[in-house]
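Numbers here simply count residues along the sequence, with the first being 1. Bear in mind that the values here come from a model prediction, so they are computed numbers and not experimental data.
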Amino acid sequence: MTTIEDTNELVGRGNREGAALFRDWFSELEQTAAAGGQAAYVFVMGSANEILKTFDLPVVFPEITSLQTAVRGVAHEYLDEAEDYGYSPDICGYVKADVAVQLRGGDHPMGQLPTPSISVLTNACNTYIKWAEIWERMYGTPMFTIDVPGTRQAGGQTWSGNSDFEADRRYVETQLGELITLCEQVTGTKFDIDKFREVLGYANTMSRCWNRVLELNAARPSLFNAVTDGTVYLGVANTFRGTEEGARYFERLVEELEHKAANGIGQDMDEQYRLIFVGVPCYPIFRRFNELFSEWGGTFVNSTYLWFASGGTNRGFQYDLDNPLASLAEGMLVSVRDAMDSMFHQDVIVGEMAKEFDIDGVIYHPIKSCRTVSTGLADSRRQMTEDLGIPSLFIESDMMDRRVVSEAQMKNRIDAFFEGLASRRRQAAAGTAESHE
Ligand code: SF4
């Protein structure tokens, strides 16, 4: 039996603990910087945290440190600095914010960042490759690119047992072996297979729970907002992957959400419209952006962002601890492919989400400075409309650059969208009433 005390303790715990862990992550980076210690720079799609944590390397996610400058309202200072240095206004804003942080000697609004001793990236976004080359030029940092073969066509993911899949898995496994050798050289530490198994075990718990967290939000009313709360969870999913703290956090988050689902406890709002978010959030006005929807009773029950920006770990892939390296290769192939598909084939992903989440609308948010996620979004929307006929809204802005974020224009479009949804609902209700007369 659950009590009021349980509810008071549990509800909101994931956000509180997520924020605390996020501060811990920054503290670790600050201490590393102060001590002149080693750190790895990685990206959210295929971070290889499982290998890096086996070597006890503190891990910097520059996409996350960059977006934090926008959330804190100072991204424009960093973007200006990088543009003055020579970077074009229309490249990825995350890259420019990071360049400015590096030019400032690692000085970030949340603390000091260590310099990279190694960078690890995948081909999930071509910007990753050019970005790591910047650190290579600045610091001589060795960069390791993991080439993950993508699906051959939309929805064409292959699985274990298929001969193409096995060839791709072996290809990834060979690369991971080379990454381990490079980590041994950089850190001067021998790879410890038992520790690796332990790290994979924690990553398994996190992936299983992350999958469950996303699934639980199909509840009505929904349990969390996929854009605001979801971004807190996502921060932990990336920065604490393969750690005990990360595994425990997600177990406790599932406990909170299962309690909410069992007791019909939704978000602190009157849920009227259930929406899916496609793209990357509008970080320069993060809270306000969400309010433009919540003021109408709209909430985001799922998002493609929670899929691709978790590197595809939403699939809940479980590593086989008896066969750790081969299994990591398989997991990376399955998950990074899934992340790429969540960016490039949104119509398919929205179709999957729509089946489970009983949604009223889809919000497309293409952004100026991320072509990887935004290219083709208009076509994808058209396809989704043809296939599913779900009402949708297309609003363009940016995830970093406030110069292209027009709140007033957004509000007009969002208000008109909800007026349309409300009118549809009235017409449907009138039609139902007539058919009963
Ligand atoms: S996916 Fe987009 S936001 Fe992320 S690094 Fe690539 S271009 Fe930048």
Side-chain angles (χ1 to χ4, degrees), residues 18-49 51-53 55-85 87 91-121 125 127-144 183 186-187 231-232 234-243 245-246 283 309 311 369 399-400:
L21 278 177
F22 202 66
R23 284 193 296 276
D24 290 349
W25 173 60
F26 252 96
S27 299
E28 185 200 18
L29 298 182
E30 252 195 326
Q31 283 160 17
T32 304
Q38 292 190 311
Y41 275 37
V42 303
F43 299 93
V44 296
M45 292 183 283
S47 67
N49 230 19
I51 290 178
L52 301 167
K53 284 293 156 203
F55 284 95
D56 283 328
L57 276 165
V59 174
V60 179
F61 283 81
E63 291 153 299
I64 299 177
T65 52
S66 288
L67 77 84
Q68 281 298 324
T69 65
V71 171
R72 276 148 213 281
V74 293
H76 57 283
E77 295 171 16
Y78 291 80
L79 299 181
D80 286 348
E81 195 168 328
E83 287 173 18
D84 287 347
Y85 189 72
Y87 284 88
I91 64 162
C92 172
Y94 287 169
V95 175
K96 284 184 292 184
D98 174 65
V99 164
V101 168
Q102 304 304 334
L103 291 174
R104 293 177 183 199
D107 192 14
H108 183 279
M110 288 185 74
Q112 190 74 15
L113 296 182
T115 50
S117 305
I118 179 174
S119 69
V120 181
L121 52 140
C125 169
T127 297
Y128 287 175
I129 299 168
K130 305 314 288 177
W131 195 345
E133 285 173 359
I134 297 173
W135 305 318
E136 191 181 44
R137 282 197 298 275
M138 281 181 164
Y139 307 109
T141 307
M143 58 184 277
F144 192 93
C183 287
V186 167
T187 61
T231 299
V232 176
L234 189 59
V236 180
N238 280 304
T239 55
F240 284 84
R241 182 160 182 77
T243 67
E245 299 98 305
Y283 286 118
S369 69
M399 82 293 200
M400 288 291 284

Side chain proximity check, T141 to S117, heavy atoms < 4.5 angstrom:
no
Work out which heavy atom in P58 is nearest to a heavy atom in K53; give both atom names and the distance.
CA-NZ, 4.1 Å
If I compare all heavy atoms of A39 with all of V60, which pair ends up nearest, and what's the gap?
CB-CG2, 4.4 Å
Listed partners of E30 passing side-chain hydrogen bond (donor to acceptor under 3.5 Å, both in side chains), at least two apart
none
Under 4.5 Å between any side-chain heavy atoms of Q68 and P109, yes or no?
no
Check the angle between the aromatic planes of Y94 and W131 and answer parallel, tilted or perpendicular using the 30° and 60° thresholds.
tilted
Taking only residues two or more places apart in sequence or in another chain, which ones pass ring-ring contact (aromatic ring centres under 6.0 Å, His included) with Y78?
none
With under 30° as parallel and over 60° as perpendicular, where do the rings of Y87 and Y85 fit, or are they tilted in between?
parallel
Test side chain to side chain contact (heavy atoms under 4.5 Å, CB included) on M399 and C92 and set out the steps.
CA-CA 9 Å; M399 82 293 200; C92 172; 4.0 Å; yes
Taking the side chain as C-beta and beyond, is there a heavy-atom pair between M400 and Y283 under 4.5 Å?
no
Going through the distances and angles, do K96 and E81 end up as a salt bridge (charged side-chain N to carboxylate O under 4.0 Å, His left out)?
CA-CA 8 Å; K96 284 184 292 184; E81 195 168 328; over 6 Å; no
So the side-chain hydrogen bond (donor to acceptor under 3.5 Å, both in side chains) pairs with at least one residue in residues 34-48 (sequence neighbours excluded) are Y41-Q102
Which heavy-atom pair separates G18 from V236 by the least distance, and what is that distance?
CA-CG2, 3.8 Å
